Participant: 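First the structure, then my questions, so here it is.
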Amino acid sequence: MSVTTTIRIDVVPGSSKELGAIARERGAQKLVSAFIFTGLLFMLLPGTFLGVWNLISISESRTVTSLAPAWIQAHGHAQVFGWIGSFILGIGFYSLQKLLHSPLFPLWRGWTAWTLWTAGVALRWTTNIYLWYWRALLPLSAVLELSAFLIFFFSVRTHRRAAGANKRETWTILVMASTLGFLASLLANVALAVNVSARGVGPALTHAIDQRFLVLCTWGFLVPAIWGFNTKWLPVFLGLRKPTERWLLMAVAANTAGVAVALPGFMKSCVFLLLCGTVFASLGLRIFEPSAHPAKTLKVHRSFPFFVRAAYFWLSIAAVLGVWAAGADRFGGIWGASRHALTVGFIATMVFAIGQRVLPAFCGMKILRSPRVMLWSLLLLNVGCTLRVFSEFPAYEGYWRGAWHVLPISAVIELVAVALFAWNIAATILLPGRAQNSQFPTNAGFLTTRR
């Protein structure tokens, strides 16, 4: 059985139109590769490596107050925006070029956005770490990031006008909600950066404000983005039954409401709504139901379906811990465990699984370098996440002092997992290898695969 999406270009072989289409395709592949490599660098160095350093420092002193909040927030910003944000923008620009496949979308927009985005994220990290002229550079970094996104956002609006008004599918509603969450996160980032620069004593946000901002960035932006693309891809990749539209729309409604009530600080209502959204999304995607058709695991490791489902297990853990934290957290341990289950357990596991399935295709229809390395990256990531989540709240909250010794081990294991993932993607793109024998999708929702 095969699913194939074919792009029809009615041109004479060797014509100028065909040569132009080939040139645009190669240009788009270079652009998405640049975004992916940038994301990998932010993931490895200012993201994961700094996170490991932060956790080791906290474990040695056995208190989170021993570390500057600006360092912790630099790590988080590099992971959310530097890593995942770069991936999403790169794939988004590539998809726009495939949708239009005409001079209507000049690639210079993508390269301009890449320059602004990379400069903004890098500037934010260095400002938080080294405190260089932070009152001026912190707002500048936020404006650069927002400017890069606006180039993408208005390009999407141009495409929608060119394509005309069509009935929206459920997955596009989820992706649109995520896009608006992305925009809201960047607008809030600008407002908070300006406020901190004008009134603060350092570049770090206060704990209460940072807590709400993280809900907006993760649950308001990243979670619905994953739900949206899962709705489109997982019925093909995992052989799942058709998603249930009603449950998915209820999921995005509950999730959006949860994010909305978090902003003014109603966290108990927030976590209950987020838990409801998690349950609705799992039901809508039928993620824990038996597959109707065999999963498509050609050229990736056969454990791929297991880890995709494991990601939703972690999402459930994150939501349940959030409910517990809203009523019982004293020193940040339960909130931290919930956040790690979300960002590493759900988001990173999904990126490691789906990313090694689709990113090689976006960068020239390559075949993943090593399915075995894919397995080890996912396995170590989940082992590290398990150790971190189930040792963080007993350590921070004082339930078990021995848990402090487990935290650095979890961090090192996750660092190895991240390095393996980065190597596998980079080697796939850079080293010579065979290309997949299939047509590429006409938009971000399609990815052709063969069993």
Side-chain angles (χ1 to χ4, degrees), residues 46-47 50-51 54 58 63-82 84-85 120-121 123-129 131 134-146 149 180-223 255-274 318 321-323 325-327 329-340 342-343 347 392 396:
L50 180 60
N54 289 344
I58 292 170
T63 173
V64 71
T65 58
S66 64
L67 194 67
W71 280 51
I72 298 175
Q73 292 172 24
H75 154 71
H77 197 88
Q79 292 287 58
V80 172
F81 294 103
I84 308 297
V121 177
L123 191 59
R124 172 61 176 263
W125 183 81
T126 54
T127 299
N128 272 44
I129 297 300
L131 307 180
W134 63 270
R135 291 191 185 276
L137 297 183
L138 187 67
L140 176 61
S141 69
V143 170
L144 290 173
E145 291 172 355
L146 177 61
F149 177 80
L180 293 176
F182 199 172
L183 176 60
S185 299
L186 292 171
L187 288 171
N189 187 44
V190 171
L192 292 172
V194 170
N195 183 66
V196 167
S197 297
R199 303 181 181 182
V201 296
L205 304 176
T206 64
H207 174 72
I209 296 298
D210 185 50
Q211 185 94 333
R212 302 172 197 178
F213 181 59
L214 286 173
V215 171
L216 176 61
C217 295
T218 53
W219 290 95
F221 160 37
L222 297 179
V223 170
N255 190 72
T256 302
V259 173
V261 299
L263 299 181
F266 299 110
M267 297 306 295
K268 290 185 178 181
S269 299
C270 162
V271 293
F272 173 75
L273 289 166
L274 297 180
L321 285 174
V323 173
D329 187 271
R330 296 176 301 163
F331 304 109
I334 308 174
W335 279 120
S338 172
R339 188 161 50 247
H340 202 79
L342 176 66
T343 55
I347 297 171
E392 185 162 5
Y396 282 49

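When a residue number appears, it is its place in the shown sequence, counting from 1. On a predicted model such as this, the values are computed, not experimentally measured, just so you know.
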Participant: If you take all heavy atoms of Val261 and Leu273, which pair is closest and at what distance?
Facilitator: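 For Val261 and Leu273, the tightest heavy-atom pair comes out as CG2-CD1, 4.1 Å.
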Participant: Measuring from Leu205:CG to Arg212:CZ, what's the distance to the nearest 0.5 Å?
Facilitator: 11.5 Å
Participant: Which heavy atom of Leu216 sits nearest a heavy atom of Ala188, and at what distance?
Facilitator: CD2-CB, 3.9 Å
Participant: Could you check whether atom CZ of Arg330 has more than 12 heavy atoms from other residues, nucleotides or ligands sitting under 6.0 Å from it?
Facilitator: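 Atom CZ in Arg330 is packed in, count exceeds 12.
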Participant: Treating Ser197 as the side-chain partner and Arg135 as the backbone partner, does any N or O pair qualify as donor plus acceptor under 3.5 Å?
Facilitator: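 Such a contact is found between Ser197 side chain and Arg135 backbone.
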Participant: Determine whether Met267 and Trp335 make a side-chain contact, defined as any pair of heavy atoms from C-beta on separated by less than 4.5 Å.
Facilitator: yes
Participant: Output, in order, the C-alpha distance, side-chain angles, deciding distance and verdict of side-chain contact (heavy atoms from CB on, under 4.5 Å) for Tyr396 and Ile334.
Facilitator: CA-CA 8 Å; Tyr396 282 49; Ile334 308 174; over 6 Å; no
Participant: Locate the shortest heavy-atom distance separating Val259 from Leu274; write the atom from each residue and the value.
Facilitator: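 Closest heavy-atom pair between Val259 and Leu274: N-CD2, 4.3 Å.
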Participant: Where do Val215 and Leu263 land on the side-chain contact (heavy atoms from CB on, under 4.5 Å) test, with the steps shown first?
Facilitator: CA-CA 8 Å; Val215 171; Leu263 299 181; over 6 Å; no
Participant: Any idea which heavy atoms bring Leu342 and Ala318 closest together, and the distance?
Facilitator: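 Distance-wise, the nearest heavy atoms are N-CB, 3.6 Å.
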Participant: Using atom types as modelled and distance alone, determine if a side-chain donor or acceptor of Asn128 lies under 3.5 Å from a backbone N or O of Ala70.
Facilitator: yes
Participant: Checking Thr127 side chain against Trp134 main chain: does a donor-acceptor pair fall under 3.5 Å?
Facilitator: no
Participant: Is a side-chain N or O of Asn255 found less than 3.5 angstrom from the main chain of Trp219, in a donor-acceptor match?
Facilitator: yes
Participant: Are the side chains of His77 and Gln73 in contact, using a 4.5 Å heavy-atom criterion?
Facilitator: no
Participant: State whether the side chain of Ser141 and the backbone N or O of Leu138 hold a donor-acceptor pair below 3.5 Å, judged by distance alone.
Facilitator: yes
Participant: Nearest 0.5 Å please: distance from the CZ atom of Phe221 over to the CG atom of Leu183.
Facilitator: 11.0 Å
Participant: If only atom types and distance count, is the side chain of Asp329 paired as donor or acceptor with the main-chain N or O of Gly333 below 3.5 Å?
Facilitator: yes
Participant: To the nearest 0.5 Å, what is the distance between CG (Leu187) and CD (Glu145)?
Facilitator: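 So the gap between those two atoms works out to 12.0 Å.
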Participant: Side-chain contact, heavy-atom cut-off 4.5 Å: Glu392 with Arg339?
Facilitator: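 With C-beta onward as the side chain, the pair stays apart.
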Participant: CG/Leu321 to NE2/His340 distance, rounded to the nearest 0.5 angstrom?
Facilitator: 12.0 Å
Participant: Quick one: are Leu146 and Asn189 in side-chain contact, heavy atoms under 4.5 Å?
Facilitator: no
Participant: With a 4.5 Å cut-off on side-chain heavy atoms, are Ile84 and Gln79 touching?
Facilitator: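 They are not in side-chain contact.
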Participant: For Phe213, look at atom CZ and say whether over 12 heavy atoms of other residues, nucleotides or ligands are found less than 6.0 Å away.
Facilitator: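 Enclosed: over 12 neighbouring heavy atoms sit under 6.0 Å from CZ of Phe213.
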Participant: Looking at side-chain heavy atoms only, is the closest gap between Cys217 and Phe182 below 4.5 Å?
Facilitator: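 No. Closest side-chain heavy atoms not under 4.5 Å.
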